[in-house]
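Take a look at the structure set out below.
Just so you know, these numbers use all the heavy atoms, side chains as well, and skip hydrogens, waters and symmetry mates. Numbers restart at 1 for each chain; the letters A, B, ... are given by sequence-line order, proteins then strands.
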Amino acid sequence: MTATTAAETTAKKRSFTAAASNYIDERTSISGVVKEFGRKIFPDHWSFLLGEIALYSFIVILITGTFLTFFFQASQAEVIYHGSWVPLKGIQMSAAMNSTLNISFDIRGGLLVRQIHHWAALLFVASIGLHMLRIFFTGAFRKPRELNWVIGFTLFVLAMAEGFTGYSLPDDLLSGNGLRIIDGLIKGIPVVGTWISFLLFGGEFPGTAIVGRLYTLHILLLPALVVAFIALHLVFVVVHKHTQYAGPGRTQQNVSGFPILPVYAAKAGGFFFIVFGVVALMASLFTINPIWLYGPYDPSPVSAGTQPDWYIGFADGMLRLIPPHWEFVWLDRTWSWNIIVPVLILVVFLVVVAIYPFVEAWVTGDKREHHILDRPRNQATRTAIGAAGVTFYGTMWAAASSDLIATHFKLTMEGVIHTLQFTLILGPIVAYFITKRICIALQKKDRSVALHGYESGRIVKLPGGEFIEVHEQLDEYERWRLVSYDTYQPLMLRPNSRGKITFVNRLRAGMSRWLFEDRLEPITKGEIESGHGHH
Amino acid sequence: MAQDDNGGTEITPAASSAVDHRPGDAGTAVIVQDAVENPGFPPHRARITDKDPRKQRRAERTIYTLFYLSIVGSIWAIAAYIAFPIESGKISDLRISTLAIGLGMTLALLAIGFGAVHWAKALMVDKEGIDIRHPVQGTDETRERAVEIFQEADAESGFGRRTLIRNSLIGALVAFPLPAIVLFRGLGPMNEDPVKLLSHTMWKKGMRLTRDPSGTPIRASDVTLGSVFHVIPEGLNDKEDALDQKAKAAVLLMRLEPKDLHPSPDRKSWAYDGIVAYSKICTHVGCPVALYEQQTHHLLCPCHQSQFDITHEARVIFGPANRPLPQLPIEVDADGYLVAQSDFHEPVGPSFWERH
Ligand code: FES
């Protein structure tokens, strides 16, 4: 480089990175994005990682799933198996099953990728579920995040749909049986059931169309929706800025933590590799869905003790909990309440989950934004409702393994089912009251610690000969964690302008009383000062 | 989007932060007058790696060692791919290949992950920053302008004024997806009626009962007391739609002491010498009812534990099913083979709306 112009001189001084950045910015204006987001603050807490696990396992699913599509054939055309797995040689099966066996036995690393895909899918649904529990118990769904809760809920449902469609693709004995159950469920739906089943399966069950159709859903429509909803979900996280737990210095008007560049990027990026690595480890060590042991789908044989993937368990369990003979013919039509009732229960359960934020917002009438998370104990009734919901779900889920529970613990099948039917109704109620009591007890403890300090374990003898245990005072930072939270009063019922008390108001007041009747008064500055005086 | 003032600046103690500035009605929230004040951010504590240069160097060494290890893991995975063939078809070879490639990848991934996180935690500057939040809603000015724009657009287009145009457009928009819905009729075959299909199976008079899956016929004398046969209709395996037919026609055959059977009067002739045949398709949601308990003569469906009592025409004694399993009337032909007297007298399998 001998002849240089003025412009080139300045350019030459720049590093390659600078030149490349300049090239890109001149064509994309990306510097604005870096300026806006590069130093954006994210708060740190282990419970915030649950959503990240969900996101990262989805990326793992996309990567491994794409690999699998290169080999999988979504066809139910009958072929004779000629692959390496001897026990199935010469057996007639669908091209879908055949290609899945080939992925497992004839493509090096194919089984590994299949197992990573399956484990990541199980983790995906599980981490969404746990993430939702975290959001619920900390009140992160409150204004302005109600819509994001609904988006997240939608993702949970989509994830289950992705899981189920994927489970059905290999066309092995278990997946076929799962589809048979779905077919039976659909047929039980009043008015439209028979036709929906007929159209879905392209004729009679099992037909030759379903695997291809589910494949389209599984790799095209559903993933597109998941990607779109994840994008929306994350946009809202940016718009709202992340919530934070109460702590000294943290307010409703700030968010404290680490900037995206560099700390958060390093942690989150690193965490992606950890999630991927853990899933890869599980896939290397533990076989999942060994279709070669089940064989191709055949409507006749079934083996006892087989389980669906975990996230379908609650639906399958609910079916088992219906007592005999809930079905009759009326008006010349069959009313299958043994199907309608469990489906309705599941739908109502899911709808309640989806709309909970709006109900709570309506009851409290609180129109302020909430960016500081609740400690679950400080919202005793909400936490109790959550515990009741978890118990309800858990009972349905346990019912899906009723046969395993019975054989493993040497109980009768009938005994297990009757116990679970009982638990389904009483369990949530018991869980509700126990949780609420525990929360209030913890609140009391917090209150006394904040006012009087904690027991130091140090015993001293007073001049008078009397022994006391020394109470150590909290410093103001620790105390702030205990005393800064929102409480609500039960709503007073007042007549409206026309002197009437409407039903809606009565309902709201009733719910408000239910939610906020049992509560402790928040601690005031005066109390703390006089609290100190006692010692 | 709310924008950040103060983006990532260092923290200063927020003295007035205890006062709640949030706009909006607090509803039934308790507003405490004499509330405890937010003490502001605690002083920053230096990490051990900030104070001790030796610890810092050690952290550095750990991190780059992890990244190098990751490279080792990747190379290991590639080597394992080459070194462990699976073409023998032996499950042990497959296990080794999967494990070896998998562990290499695991090492490659986890080492990057732990290295990066450790870097962030131990070495990167750990001063926390704050962003200031603004209400999510736009500023008053923005919101006013947004309303104005809609009003202008409405005025300019006449959307609110020209109701006929607007309403006809809405009508058209509602109607235009309807053909797409109708197209979905084509998902199922045009000339078939699901109710008819569900109402009969391939069984017919004189058709032999054969073993599943071989298709060999069964003599009455083969069926010893207490035995169970999984049965398909003769010729099923040659059918084009064998699976569809099997999904309806599969049958369980068993022999009991004739005195143990309690058939209703019109079904007395449906059994042959204590041999009875019942549909294998559960009347709940259609799993194969494949588990037979010899002592109790109960059939158990493994899917949701419905139990059927064979001594009483397969009536439901437990579980979510409602209807008994349909019975296939059988007899013996001239050669001593078991044959069907007819098709089932009712639809088999799960209930459906039009069934009665
Ligand atoms: S399918 Fe047999 S009990 Fe549900």
Side-chain angles (χ1 to χ4, degrees), chain A residues 39 41 84 109 111-112 144 180-181 184 187 193-194 198-199 203-204 239 248-249 251-256 259 263 266-267 270 273-274 276-277 280-281 284 299-300 302 304 319-320 322 324-325 327 329 332 334 336 338 364-368 413 476-477 483 487-489 491 522 524-526, chain B residues 1 7-8 17 22 24-25 27-30 32 34 36 39-42 81 89 98-99 101-103 105-106 109-110 112-113 116-117 119-120 124 128-133 136 187-189 194 197 212 243-244 246-247 250 285-286 288 290 302 304-305 316 320 322 350-353 355-356:
Chain A
R39 286 298 232 177
I41 295 296
S84 308
L111 180 64
L112 179 69
R180 176 118 225 197
I181 294 175
K187 283 190 176 131
T194 312
F198 180 70
L199 295 179
E204 286 196 274
V239 170
T251 71
Q252 298 282 8
Q253 279 80 31
N254 70 17
V255 50
S256 88
V263 175
K267 279 188 181 175
F273 285 96
I274 293 176
F276 200 165
L281 184 63
S284 329
S300 180
V302 75
L319 285 178
R320 297 184 185 209
I322 301 298
H325 303 300
E327 184 180 278
V329 174
D332 222 18
T334 298
S336 303
N338 52 357
T364 62
D366 190 344
K367 301 277 188 293
R368 299 168 304 172
M413 199 75 80
E476 55 176 347
Y477 301 122
V483 301
T487 49
Y488 294 87
Q489 291 163 320
L491 179 71
T524 63
K525 215 165 24 175
Chain B
M1 190 186 304
S17 53
R22 283 175 292 172
D25 185 353
T28 56
V30 179
V32 187
D34 181 26
V36 184
F41 290 98
Y81 183 93
T98 304
L99 189 69
I101 301 175
L103 288 182
M105 282 170 57
T106 303
L109 293 163
L110 285 182
I112 296 179
V117 171
W119 185 3
M124 290 186 188
E128 292 198 34
I130 52 167
D131 276 356
I132 301 301
R133 293 180 193 273
V136 171
L187 283 173
L197 289 172
D212 178 18
L243 281 186
D244 295 8
K246 194 172 184 180
V285 288
H304 312 102
Q305 275 77 52
V316 178
N322 173 55
S351 302
F352 51 94
W353 177 243
R355 189 184 199 285
H356 51 87

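Chosen from Pro324(A), Pro522(A), Ser336(A), the residue pairing most often with chain B at heavy-atom distances under 4.5 Å is Pro324(A). Heavy-atom pairs under 4.5 Å with chain B were tallied for Gly365(A), Ser300(A), Gly270(A); the largest tally goes to Ser300(A). Among Leu111(A), Leu491(A), Leu281(A), the residue making the largest number of heavy-atom pairs under 4.5 Å with chain B is Leu281(A). Of all the listed residues (Pro350(B), Pro320(B), Ala250(B)), the one sharing the greatest number of non-hydrogen pairs under 4.5 Å with chain A is Pro320(B). With chain B as the partner, the residue from Ser284(A), Gly184(A), Ala266(A) showing the most heavy-atom pairs under 4.5 Å is Ser284(A). The candidate with the highest count of non-hydrogen atom pairs below 4.5 Å against chain A, out of Leu197(B), Leu103(B), Asp34(B), is Asp34(B).
Remark: the backbone N or O of Val30(B) is not paired with any side-chain donor or acceptor of Thr487(A) at under 3.5 angstrom. Formation of a donor-acceptor pair under 3.5 Å by the Thr28(B) side chain with backbone atoms of Thr364(A) is found in this model. In this structure, the side chain of Arg180(A) does not engage the main chain of Pro288(B) through any donor-acceptor pair within 3.5 Å. No donor-acceptor distance shorter than 3.5 angstrom exists from the side chain of Arg355(B) to the backbone of Thr334(A), with no hydrogens or angles considered.
Val483(A) touches chain B through its side chain: at least one heavy atom from C-beta onward sits under 4.5 Å away, while N, CA, C and O do not. Asp212(B) touches chain A through its side chain: at least one heavy atom from C-beta onward sits under 4.5 Å away, while N, CA, C and O do not. Heavy-atom distances place the side chain of Val32(B), and not its backbone, under 4.5 Å from chain A. When heavy atoms are compared at a cutoff of 4.5 Å, Val255(A) approaches chain B by way of both its backbone and its side chain.
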Tell me, with the steps shown, if Phe41(B) and Asn254(A) meet side chain to side chain contact (heavy atoms under 4.5 Å, CB included). CA-CA 12 Å; Phe41(B) 290 98; Asn254(A) 70 17; 3.9 Å; yes
Is there a side chain to side chain contact (heavy atoms under 4.5 Å, CB included) between Val36(B) and Thr524(A) once you walk through the steps? CA-CA 6 Å; Val36(B) 184; Thr524(A) 63; 5.8 Å; no
Full working for side chain to side chain contact (heavy atoms under 4.5 Å, CB included) between Val136(B) and Val239(A): CA-CA 7 Å; Val136(B) 171; Val239(A) 170; 4.0 Å; yes
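Across all non-hydrogen atoms, the minimal contact from Ser256(A) to Ile130(B) is CB-CG2, 3.5 Å. Residues Ala280(A) and Leu109(B) come closest through the heavy atom pair CB-CD1, 4.1 Å. Of all the heavy atoms in Pro39(B) and Tyr477(A), the pair that sits closest is CG-CD2, 3.8 Å. Closest approach of Trp353(B) and Thr194(A) over heavy atoms only: N-OG1, 3.7 Å. The two atoms that bring Thr106(B) and Gly277(A) nearest to each other are CG2-O, 3.5 Å, heavy atoms only. Of all heavy-atom pairs between Ala120(B) and Lys267(A), the closest is CB-CG, 3.6 Å.
Going from atom OG1 of Thr251(A) over to atom CD1 of Ile132(B) covers 7.0 Å, rounded to the nearest 0.5 Å. To the nearest 0.5 Å, the span separating CD1 on Ile322(A) from NE2 on His304(B) amounts to 11.0 Å. Atoms CD and CG, from Glu204(A) and Asp244(B) in turn, are 5.5 Å apart once rounded to the nearest 0.5 Å. Ile41(A) contributes atom CD1, which lies 5.0 Å from atom CG of Asp131(B) (distance to the nearest 0.5 angstrom).
Annotation: side chain of Pro189(B) is in contact with side chain of Phe198(A) (closest heavy-atom distance under 4.5 Å).
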